[in-house]
Amino acid sequence: MPTLSLHDVRKSFGGNRVLDGIDLTVRTGEMICLIGASGSGKSTLLRCMNLLEPIDDGRILLDGADISEPGLDPQPIRARIGMVFQSYNLFPHMSALDNVMLAPRRVRGLTREALRGPCAALFERFGLSDRMAHYPDQLSGGQQQRVAIIRALAMEPEIMLFDEITSALDPELVGEVLDVLRDLRGTGMTMVLATHEMGFARDLADRICFLDQGRICEEGPPSEIFSRPREARTRAFLSRVLQGGMAG
Amino acid sequence: MSAPTRRQIFETRQRRRANGIAAASTCAVLVSVVLLVPLAPGWEAVQRSFFNAEVFANTFPGLLNAFLLDVAIFAWCAPLIAALGLLVALARDLRTPALYPVRLLAIAYTDVFRGLPVILVIYLIGFGIPGLGLPRPWNSPYIWGSLALILVYAAYVAEVIRSGIESIHQSQRAAALSLGLSGADTMRFVILPQALRRVVPANMNLFVALQKDVALLSFIGPVEIFRQAGVYKSLMANFTPYVGAAIIFLAITIPATRYADYLMNITRRTQS
């Protein structure tokens, strides 16, 4: 059953064509990694899926319903799709626990008492039980990013979008965040990631999409994309990034 | 402790030299002021009419007492200014078409009241509205004078709050919206608490200015410290009460300004 599908999605900022006809179907339980150079449209694609950016043309369907209809209230849709950002974007004036509880309280109408158990369980699951009362500036980058993931998960989303969530981290902190993604992958969460972690993408993704100039230039299982890329541009991109820092 | 490095020895010497020069030049200026000013032909007259110890001692308690009225006016104006300023700041960001008149009104309001001298607003409202022939106690200059101060200062506070709202990074909004929060909840729980914290020092400076401008109400009636000093001046034919009033204002405003600067430094440090 297809969960989220994009049909000929287009988006420009000013005269700059960022998405130039994207077709993509995300099936339930699938993990898709978007790869491509900076500016290839990965982040914009994720932001459009979450309706943070309205699209100019095309359609986005969630369980068959058109969610890209102009004038549609985006709130209930966003509540079903979790998103984690490169720069964590935790609310600095709230404790980790309050960061996580805010949306379930305000959007789903749950009380603090009702949320305490499930939220504590999420912190426990990702090794942050002793950090619930801490404020974001008291946490390391890796811990902040894990809290951001917990915050999105607390809304019990059907799909999770991850926008280069390890790119702002010190190298030694990347592992703990990737472990969280592995854990989520194990639970069958539907996930779309924009990532530069090629090793991670190769090991865990069901499908890799290589974006170039706002189009999906090539897509397929990691074994194909990484071993036998068909497109010259994919080969050029991979040889560039794999040369640099694939050792890890 | 280990022996100082070459760099430390050099810096210590530099610092000593700088302190020495600063002390010497300060002393030179002070000494010349103390020696030269009394040489001015009118100095004795100035000393008698502005720095008269006897007049000062006689009037200072009365001035302090009158200053309590300034504090009281400040105390009831300040919370109303904060509330109105916040409302206007929020109204300026309304995007609903039906509420466009409210937004327009808020914009016009901040433009008008930031563009007028405070004393002019106090005259227009303080004399104008009671002139409608309102019965007691509704013709009190306390009410209309306070309203003038509130209107002027809330316009400034609104602009300060709005600049705070705009200083919150777009990513905070994106994070809140991505969780499914409404625009109103995003403002209330995510943007506004951060924005208000950020503009505390700037607002403190405004409230220091307010404490001074309360004295302007004396022009429409209330006998607060400035007016009281004027009364003493006329009684004793001496300007020393004004110096006394100045000292009382400074005793409040200098610590408050310093504290605002201190808060501003903290904010700057935590933001960088």
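Values below: all heavy atoms of this structure, side chains included; hydrogens, waters and symmetry mates excluded. Naming: A, B, ... by sequence-line order, numbering from 1 per chain.
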So, the part of R47(A) with a heavy atom under 4.5 Å from chain B: the answer is side chain
List the atom of Q194(B), the atom of P92(A), and the distance in Å for their closest heavy-atom pair. OE1-CG, 3.2 Å
Answer with side chain, backbone, both or neither: which region of M83(A) has an atom nearer than 4.5 Å to a non-hydrogen atom of chain B? both
Evaluate whether atom CZ of R17(B) has more than 12 neighbouring non-hydrogen atoms of other residues, nucleotides or ligands under 6.0 angstrom away. no
For R197(B), is it the side chain, the backbone, both, or neither that has a heavy atom closer than 4.5 Å to a heavy atom of chain A? side chain
Counting heavy-atom pairs under 4.5 Å with chain A, which one of A176(B), P193(B), G183(B), A174(B) comes out on top? A174(B)
Minimal non-hydrogen separation, F189(B) against M94(A), with atom names: O-CE, 3.2 Å
Are there over 12 heavy-atom neighbours, none belonging to E124(A), within less than 6.0 Å of that residue's CD? no
So does R17(A) have more than 12 non-hydrogen atoms from other groups sitting under 6.0 Å from CZ? no
Looking at Y262(B), I want to see if its OH is surrounded by more than 12 non-hydrogen atoms of other residues, nucleotides or ligands under 6.0 Å. no
Side chain, backbone, both or neither: which part of L51(A) has a heavy atom under 4.5 Å from chain B? neither
Has R59(A) got more than 12 heavy atoms of other residues, nucleotides or ligands less than 6.0 Å from its CZ? no
Nearest 0.5 Å, please: how far is CG in L46(A) from OG in S178(B)? 11.5 Å
Say whether, by atom type as modelled, one donor and one acceptor occur between the side chain of N89(A) and the main chain of Q172(B) under 3.5 angstrom. no
Under 6.0 Å from the CZ atom of R173(B), do we count more than 12 heavy atoms belonging to anything else shown? no
Taking side chain as C-beta onward, heavy atoms only, is L179(B) less than 4.5 Å from R78(A)? no
For the residue pair A175(B) and F91(A), what are the closest heavy atoms and their distance? CB-CE2, 4.1 Å
Atom group of L161(A) that falls short of 4.5 Å from chain B, counting heavy atoms: neither
Can you find a heavy atom in the side chain of L102(A) that is under 4.5 Å from one in the side chain of D185(B)? no
I need the minimum non-hydrogen distance between A103(A) and L181(B), along with the two atoms involved. CA-CD2, 4.1 Å
